[in-house]
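Below, chain A is the first sequence line, B the second, and so on; all start at residue 1. Computed over heavy atoms, backbone and side chain alike; hydrogens, waters and symmetry mates excluded.
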Number of protein chains: 2
Amino acid sequence: MHERTRAEWRATRQRAAVLRALHLHDTFVSAQSLHAALAADGVTVGLTTVYRTLRLLAASGHVDVVRDSAGERLYRPRPDDGHRHYAVCRECGLSLAVDSDEVERWVARIARDIGFHAVDHTVELTGLCERCRPPMSRPAAGPPARRRTPSAG
Amino acid sequence: MHERTRAEWRATRQRAAVLRALHLHDTFVSAQSLHAALAADGVTVGLTTVYRTLRLLAASGHVDVVRDSAGERLYRPRPDDGHRHYAVCRECGLSLAVDSDEVERWVARIARDIGFHAVDHTVELTGLCERCRPPMSRPAAGPPARRRTPSAG
DNA sequence: CAGCATAAGACAACGGTTTTCATTTGCGGT
DNA sequence: ACCGCAAATGAAAACCGTTGTCTTATGCTG
Ligand SMILES: [Mn+2]
Ligand SMILES: [Mn+2]
Ligand SMILES: [Zn+2]
Ligand SMILES: [Zn+2]
């Protein structure tokens with residue numbers, strides 16, 4: 001069986017565009033908002049292609065994925081040194097990578113204790129960032145950044 | 001303005017049925033499988049009502065909710081002493097409540113460190129339970145319990 | 001440059017969940 | 001016991017993110 005060298009990642013204009021757009025964001029973004037952002041920049045990429053590319057990037061570990069409260073998938077480029085966990089502001093979408101060493105160890109210990117193999121974990125924090133601090137008994141004065149979710153704008 | 005006493009939870013046959021069905025399971029169940037289970041028992045409850053009831057139970061903290069890899073919501077009665085986190089076997093659906101004190105403390109500390117308020121958290125473990133231990137280099141001999149997901153049977 | 005496997009794109013389909021709206025029903029007041 | 005009404009139900013349609021299908025376009029390798 002002649003196993004010839006096959007390229008497994010074809011460089012296309014669309015993939016480059018998705019990757020570029022992804023890195024322009026400092027927060028988690030949905031496939032749809034990424035597609036919208038590209039369109040706004042005059043870059044035509046099919047929504048299907050955006051989904052496919054993000055799925056590939058997630059599978060190959062190049063992006064981290066979380067699901068918002070509505071179940072929509074949000075993507076963010078993964079730092080070079082492995083996966084991270086994030087705290088996301090539910091008001092403005094700000095996301096901070098948090099130090100999770102302690103949780104990683106906890107996961108490993110629990111997995112061992114209960115005899116589970118190949119344990120994967122999901123750890124997400126959602127809250128209100130300092131800027132979006134809740135209006136204490138003053139409904140009128142709204143928070144500064146009034147963006148609901150990093151998803152469908 | 002006459003503020004009369006309003007009942008906020010009306011006892012109906014359907015709600016009782018959903019609650020009862022929910023407690024019969026020892027694992028997380030989806031709205032749809034719960035609905036199917038009810039139908040199989042000859043109990044007629046609209047799927048819409050099942051969804052609505054579960055949503056209420058979740059909002060009022062009577063059930064814990066997780067989302068499977070497909071995004072489907074799975075429900076489980078919450079123990080009396082507060083919320084729990086679970087390890088779920090991705091092969092047979094077995095779910096174990098795990099001791100999460102350490103994570104709870106970690107969450108509180110992180111929240112304080114980064115200045116987030118009203119922090120909520122999601123912590124889920126998925127893996128293979130002891131019974132579903134991976135077939136080591138033997139694709140033929142399948143695992144014992146061959147149920148994919150506690151959801152749509 | 002040719003050949004071909006891979007990718008793109010438009011559109012339909014999918015699946016879980018929510019909305020709508022007409023009808024029923026629990027429940028407090030009498 | 002009966003009324004009256006707000007709340008709940010249920011069937012069907014709408015919703016929405018995502019994936020499948022299938023035809024066309026295009027990298028890549030020889
Ligand atoms: Mn981790
Ligand atoms: Mn917790
Ligand atoms: Zn914020
Ligand atoms: Zn198992």
Side-chain angles (χ1 to χ4, degrees), chain A residues 1-21 28-39 42-60 63 65-75 148-153, chain B residues 1-21 28-39 42-60 63 65-75 148-153:
Chain A
M1 42 193 76
H2 291 259
E3 192 58 39
R4 69 187 62 182
T5 45
R6 271 181 300 154
E8 54 209 31
W9 178 270
R10 223 139 87 168
T12 67
R13 171 183 66 79
Q14 293 87 340
R15 285 175 175 176
V18 169
L19 219 37
R20 192 174 338 111
F28 281 94
V29 279
S30 68
Q32 310 226 44
S33 52
L34 216 51
H35 177 250
L38 286 166
V43 184
T44 51
V45 178
L47 178 57
T48 307
T49 297
V50 175
Y51 273 114
R52 275 194 289 237
T53 304
L54 288 174
R55 203 184 338 159
L56 282 176
L57 289 172
S60 62
V63 299
V65 187
V66 300
R67 306 188 75 118
D68 68 10
S69 53
E72 193 174 15
R73 274 189 266 263
L74 307 178
Y75 305 85
R148 297 303 302 176
T149 300
S151 53
Chain B
M1 43 191 71
H2 290 258
E3 193 58 39
R4 70 186 62 182
T5 44
R6 271 181 301 154
E8 55 208 30
W9 177 271
R10 218 136 91 170
T12 67
R13 170 183 67 80
Q14 292 89 338
R15 285 176 174 174
V18 169
L19 218 38
R20 192 176 336 115
F28 280 95
V29 279
S30 69
Q32 311 225 41
S33 52
L34 216 51
H35 178 248
L38 285 167
V43 183
T44 51
V45 178
L47 179 57
T48 307
T49 297
V50 174
Y51 273 114
R52 277 194 288 237
T53 303
L54 289 174
R55 191 164 13 134
L56 282 176
L57 289 172
S60 61
V63 299
V65 186
V66 301
R67 304 189 75 119
D68 67 12
S69 53
E72 192 175 17
R73 273 190 267 263
L74 308 178
Y75 305 84
R148 298 306 299 177
T149 302
S151 52

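- Atom CD of A:Glu72 is separated from atom CZ of A:Arg67 by 9.5 Å, given to the nearest 0.5 angstrom.
- Of the candidates C:dC27, D:dG17, C:dA7, the closest approach to any side-chain atom of A:Thr12 belongs to C:dA7.
- Across the protein-nucleic acid pair, A:Glu72 atom CD and D:dC16 atom C1' stand 9 Å apart, rounded to whole Å.
- Between the side chain of B:Ser60 and the main chain of B:Leu56, a donor-acceptor pair closer than 3.5 Å is present.
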Exercise for the section: Please report the C-alpha distance between B:Gln32 and B:Tyr51 in whole Å, then the side-chain angles of each, then the deciding distance to 0.1 Å, and finally whether the side chain to side chain contact (heavy atoms under 4.5 Å, CB included) criterion is met. Expected result: CA-CA 8 Å; B:Gln32 311 225 41; B:Tyr51 273 114; 3.5 Å; yes
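- B:Leu34 has its CG atom 14 Å from the P atom of C:dG16, to the nearest Å.
- The nearest whole Å value for the distance from the NE2 atom in A:His35 to the C1' atom in D:dT18 is 14 Å.
- Residue B:Arg73 places its side chain closer to C:dT17 than to any other of D:dC28, D:dG17, C:dT17.
- Atom CG of A:Asp68 and atom P of D:dC16 are 14 Å apart (whole Å).
- Between A:Leu56 and B:Ala11, the residue whose closest nucleotide on DNA chain C is further toward the 5' end is A:Leu56.
- When heavy atoms are screened at a 4.0 angstrom cut-off, B:Ala70 is found touching no nucleic acid atom at all.
- Distance, B:Glu8 CD to C:dC27 C1': 14 Å, rounded to whole Å.
- In the interface, the side chain of A:Arg10 is paired with the base of D:dT26 through a donor and an acceptor atom under 3.5 Å apart.
- Between C:dC27, D:dT18, C:dG16, one nucleotide has an atom nearer to the side chain of A:Gln32 than all others, and that is D:dT18.
- Looking only at distances, a side-chain donor or acceptor of A:Thr53 sits under 3.5 Å from a matching main-chain atom of A:Thr49.
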Are there any protein N/O atoms within less than 3.5 Å of an N/O atom in nucleotides 10-13 of chain D, and if so, which ones and at what distance?
residue: D:dG10; atom: OP1; partner: B:Gln14; partner atom: NE2; Å: 3.1
residue: D:dG10; atom: OP2; partner: B:Gly46; partner atom: N; Å: 2.8
residue: D:dG10; atom: OP2; partner: B:Thr49; partner atom: OG1; Å: 2.8
residue: D:dG10; atom: N7; partner: B:Arg52; partner atom: NH2; Å: 2.6
residue: D:dG10; atom: O6; partner: B:Arg52; partner atom: NH1; Å: 3.4
residue: D:dA12; atom: N6; partner: B:Thr48; partner atom: OG1; Å: 3.3

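- Remark: C1' of C:dT25 and CH2 of B:Trp9 are 16 Å apart, rounded to the nearest angstrom.
- A straight line from OH of B:Tyr51 to P of D:dA14 spans 18 Å, rounded to a whole angstrom.
- At least one donor-acceptor pair under 3.5 Å links the side chain of B:Arg15 to the backbone N or O of B:Arg10.
- Side-chain N or O atoms of B:His35 include one that pairs as donor or acceptor with a backbone N or O of B:Val45 at under 3.5 Å.
- In this entry the distance linking CG of A:Leu54 with P of D:dT19 reads 10 Å, nearest Å.
- When each of A:Thr44, A:Leu47, A:Val18 is checked for a side chain to side chain contact (heavy atoms under 4.5 Å, CB included) with A:Leu38, only A:Val18 meets the rule.
- Listed pair A:Arg55 / D:dT18 fails the phosphate criterion, with no side-chain N or O lying under 4.0 Å from OP1 or OP2.
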